[in-house]
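Contents: one structure, followed by commentary.
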Amino acid sequence: MNDYLKKIISDALQKLYPDLELPEIILEKPRIAEHGDMATNVAMTLAKPLRKAPRGIAEELVGALEYDAGQLESVEIAGPGFINFRFAASWLYDALNGALQQGSGFGKSTLLKGKRYQVEFVSANPTGPLTVGHGRNAVLGDTIARLYEWTGAAVEREYYFNNAGRQMRVLGNSVAVRYQQLLGRDMELPEGSYEGEYIVDIARQMTEEHGDAYIDQPDHILFKETAEKVIFADISKTLERMNIRMDTYFNENDLYENGAIDSVLQRLDQKGLTYKQDGALWFKTTLFGKEKDTVLVKSSGEPTYRLPDIAYHAHKLDRGYDVCVDIFGADHIATYPDVLSGLEVLGYDPKRIDVLVYQFVTIVMEGKPFKMSTRKANFVTLDELMDEVGSDVTRFFFLMRSPGTHLEFDIAQAKESGEKNPVFYLQYAYARIRSIMRKVEETLEDAGKADLSLLQHESEVALIKILLDFPEWVVSAAMSKEPHRLINYLNEVAAAFHKFYHDCRIIGEDPGLAVARVTLLKGVAVVMANGLGILGIDAPEKM
RNA sequence: GCGCCCGUAGCUCAACUGGAUAGAGCAACUGCCUUCUAAGCAGUAGGUUACAGGUUCGAGUCCUGUCGGGCGUACCA
């Protein structure tokens, strides 16, 4: 429809003003129903170049417009010079039929067809269970990956981790101390250790498997390796519970072993972008607008995380993805520009790295902000949260707000919300439809072909129009990396359905109308199921 | 100090990236179930979009400044 409108508008413009360079024709959906189904502001944007009043241009344009009555019912001028289009009913019915034919594919597009996307997310080092603090990252990353799949891309999900750094050494040591304590040694956990109960569990597992074989080897690699293995198993189980499945777990250590780190250092050096000072190796980030240069390799010989970050991203691009998406919390906001600068001087197109920075989640417990720390074991795990409210509510909660805004997560409220939780509003709409369908199957014999033109009620027409918007909202949510847009849209679908349900009956109506309404219901079910599917949320048969 | 993000109804947040009368959900109040799920529908009330300027046909949205909050600003990850 949009293409059709653009075509007739530009045809008319060309006829009226042959010398004019055609402007981009912007179509938008008016907020208010009285303003029609679609509107354009071309008359206003042309006011300046044509040196004419917007309304005058609009009148000329509408006069020259040639359109098919099967597509458009009316074209009107309103306000300061908007041109409002109202779709013909026959077009709506055809479009609804088309949507039903696509079924579970309705909403898919080919926008990114042929593109390979990679989404890297979660990427928490395996030092402890995933907490609600990781939740927003995990759910955003996975849902954005799903959105890209729906827009036609081939998508891979990757988890990046580092098992060689200081964090993991401390982790191994924490396990070793607990291990020795369990075997009767009187000793204290050093300052800065991981204090969580799960460390004790890992240590206990080691006493069961190995007895006291390692009691005099607290630095043995087995402590760290066991911890890593156990914790990673736990993490991936948590992710699976949330409907998240990674394609790849990428270990930073591989970058050292395959020479990617050295290669980056060499290439930066060749470009003259690094220098030594005070025993450290610096990257001249001041050349890219930073206030200070950045250390890549510490005087201890250990690299900072920026160096492997650059190498990692270069490696990802080398693997052939068209676009690599990073899901970062706000604390990374200052670091990724260095990575982009590094990639650019290495000859990569930084546009192939797409970063989503989301604002932090404020955990609220008992009415007060709650500061979490994995190290101090001061946290609520995602598993605990899902035990309370389930994975649907958990996913929904993290998705319902714009990534760019701070999200307040009131644990007590999430636990309590139960029945009045907003996710149930959507699921209830679907369950209601399924319930009607089950009843209708008993009463309505062979439905035959529905005559959709019987759908004349205001609530019916409004519902059809909203359903037809679904594909463009999928695209909008995907391109902006803002899944909450889809949630807002599904809310409108559910609201329109509930209103229809209230206004229009099916059972007991004239069979022709009943069949038409059942067809409409199927359309709603398709959109709700597809939409919830993108969000990774269950569409229940019953509630 | 400097950089990035945020500031919208009592609370939590939308507003499709510059459009027409700023909208939902909680919380408050009023109606609607002998008929397909009341986890619903309809309605009332609630606003100087933090503040002050600017840009233009038009600003919650863009630019400048002020105030308030978050995060950075490490040879920490």
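Proteins get letters first, then strands, A, B, ... in listed order; numbering begins at 1 in each.
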Dump every N/O contact between nucleotides 72-76 of chain B and the protein below 3.5 Å, one line per pair.
| residue | atom | partner | partner atom | Å |
| --- | --- | --- | --- | --- |
| B:A74 | OP2 | A:Lys292 | NZ | 3.2 |
| B:C75 | O2 | A:Ser299 | N | 2.7 |
| B:C75 | O2 | A:Ser299 | OG | 2.7 |
| B:C75 | N3 | A:Ser299 | OG | 3.3 |
| B:C75 | N4 | A:Asp278 | O | 3.0 |
| B:C76 | OP2 | A:Lys298 | NZ | 2.6 |

I need the residues from [range] with at least one non-hydrogen atom less than 4.0 Å from RNA chain B; give them sorted by number, or say none.
range	answer
residues 485-501 of chain A	A:Arg485, A:Asn488, A:His498, A:Lys499, A:Tyr501
residues 129-141 of chain A	none
residues 46-54 of chain A	A:Lys48
residues 469-480 of chain A	A:Trp473, A:Ser476

Is there a side-chain contact between A:Asn162 and A:Pro308 in this structure, where contact means two heavy atoms from C-beta onward sitting under 4.5 Å apart? no

State, with a plain yes or no, whether a side-chain heavy atom of A:Phe85 is found less than 4.5 Å away from one of A:Ile9.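 Yes; the side chains approach each other to less than 4.5 Å.
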
Quick one: closest heavy-atom pair of [X] and [Y], and the distance?
X	Y	result
A:Arg395	A:Ile537	CB-CG1, 4.2 Å
A:Gly523	A:Leu467	C-CD1, 3.8 Å
A:Ala529	A:Ala539	CA-CB, 4.3 Å
A:Gly81	A:Met44	C-SD, 3.5 Å
A:Pro483	A:Ile144	CG-CG1, 4.1 Å
A:Glu408	A:Phe397	O-CE2, 4.0 Å

Syn-anti status, with the boundary at 90° from 0, for the nucleotide B:C13: anti

Syn or anti for B:U17, please, going by whether the chi angle lies within 90° of 0. syn

Centres of the A:Phe232 and A:Tyr159 rings: under 6.0 Å? yes

So, for A:Phe500 and A:His457, is the gap between ring centers shorter than 6.0 Å?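 Between A:His457 and A:Phe500, which both carry aromatic rings, the centre distance is not below 6.0 Å.
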
Taking atom types as modelled, find out whether [X] and [Y] have a side-chain donor-acceptor pair closer than 3.5 angstrom.
X	Y	result
A:Asp293	A:Tyr275	yes
A:Glu60	A:Tyr17	yes
A:Asp254	A:His315	no
A:Asn163	A:Asn253	no

Under the side-chain contact (heavy atoms from CB on, under 4.5 Å) rule, collect the residues that match up with A:Ala138, sequence neighbours excluded.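 Scan of A:Ala138 (side-chain contact (heavy atoms from CB on, under 4.5 Å), adjacent residues dropped) gives A:Val122, A:Leu239, A:Met242, A:Ile244.
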
Which nucleotide sits closest to the side chain of A:Arg31: B:G19, B:U37, B:A15? B:A15

[atom1] of [X] to [atom2] of [Y]: how many Å apart, nearest 0.5 Å?
X	Y	atom1	atom2	result
A:Ile534	A:Arg146	CD1	CZ	9.5 Å
A:Ile506	A:Leu520	CD1	CG	8.0 Å
A:Leu16	A:Leu50	CG	CG	9.5 Å
A:Leu46	A:Asn41	CG	CG	9.0 Å
A:Tyr425	A:Phe497	OH	CZ	10.0 Å

Involving RNA chain B, stems made of at least three consecutive Watson-Crick or G-U pairs, both distances under 3.5 Å: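 In RNA chain B, stems of three or more pairs: B:1-7 with B:67-73, B:10-13 with B:23-26, B:28-32 with B:40-44, B:50-54 with B:62-66.
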
Determine the interatomic distance between [atom1] on [N] and the same-named atom on [M]; round to the nearest Å.
N	M	atom1	result
B:U61	B:A52	P	13 Å
B:A38	B:A45	C1'	23 Å
B:U66	B:U30	C1'	45 Å
B:U35	B:G46	P	36 Å
B:G54	B:A59	C1'	11 Å
B:C6	B:C63	P	11 Å
B:C16	B:A74	P	36 Å
B:C11	B:C51	P	15 Å

Applying side chain to side chain donor-acceptor pair (under 3.5 Å), name anything that partners A:Tyr160, two or more places apart in sequence or on another chain. none

Return the set of residues passing side chain to side chain donor-acceptor pair (under 3.5 Å) with A:Lys108 (not counting sequence neighbours), or none when no residue passes. none

Classify [X] by what it touches in the nucleic acid, base, sugar-phosphate, or nothing, heavy-atom distance under 4.0 Å.
X	result
A:His332	nothing
A:Gly508	nothing
A:Asn84	base
A:Ala429	nothing

Whole Å only: how far is the CE atom of A:Met44 from the C1' atom of B:A20?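 So the CE-C1' distance, A:Met44 to B:A20, works out to 8 Å.
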
Send over the distance from A:Tyr425 OH to B:C26 P, rounded to a whole Å.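 These atoms are roughly 9 Å apart.
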
Which letters describe nucleotides 7-13 of chain B, given B = protein heavy atom under 4.0 Å from base, S = only from sugar-phosphate, - = neither? -----BS

Is the ring pair A:Tyr489/A:Trp473 parallel, tilted or perpendicular, if the boundaries are 30 and 60 degrees?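 Judged by the thresholds at 30° and 60°, the geometry between A:Tyr489 and A:Trp473 is parallel.
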
Are any protein N/O atoms closer than 3.5 Å to N/O atoms in nucleotides 43-46 of chain B? If there are, list each pair with its distance.
none

Is there, by distance only and without an angle test, a donor paired with an acceptor across the side chain of A:Asn41 and the base of B:A20 below 3.5 Å?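 Such a pair does not exist between side chain and base.
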
Please tabulate, one pair per line, all N/O donor-acceptor pairs under 3.5 Å involving side-chain atoms of residues 329-339 of chain A, not counting sequence neighbours.
| residue | atom | partner | partner atom | Å |
| --- | --- | --- | --- | --- |
| A:Thr335 | OG1 | A:His332 | O | 3.3 |
| A:Asp338 | OD2 | A:Arg306 | NH1 | 2.1 |

Taking 5.5 Å and 30° as the limits, would you call A:His502 and the base of B:G40 a stacked pair? no

First encountered from the 5' end of RNA chain B, between A:Ile32 and A:Cys504: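 Going by which nucleotide is closer to the 5' end, it is A:Ile32.
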
Check whether more than 12 heavy atoms from other residues, nucleotides or ligands sit under 6.0 Å from atom CZ of A:Arg166, and answer yes or no. no

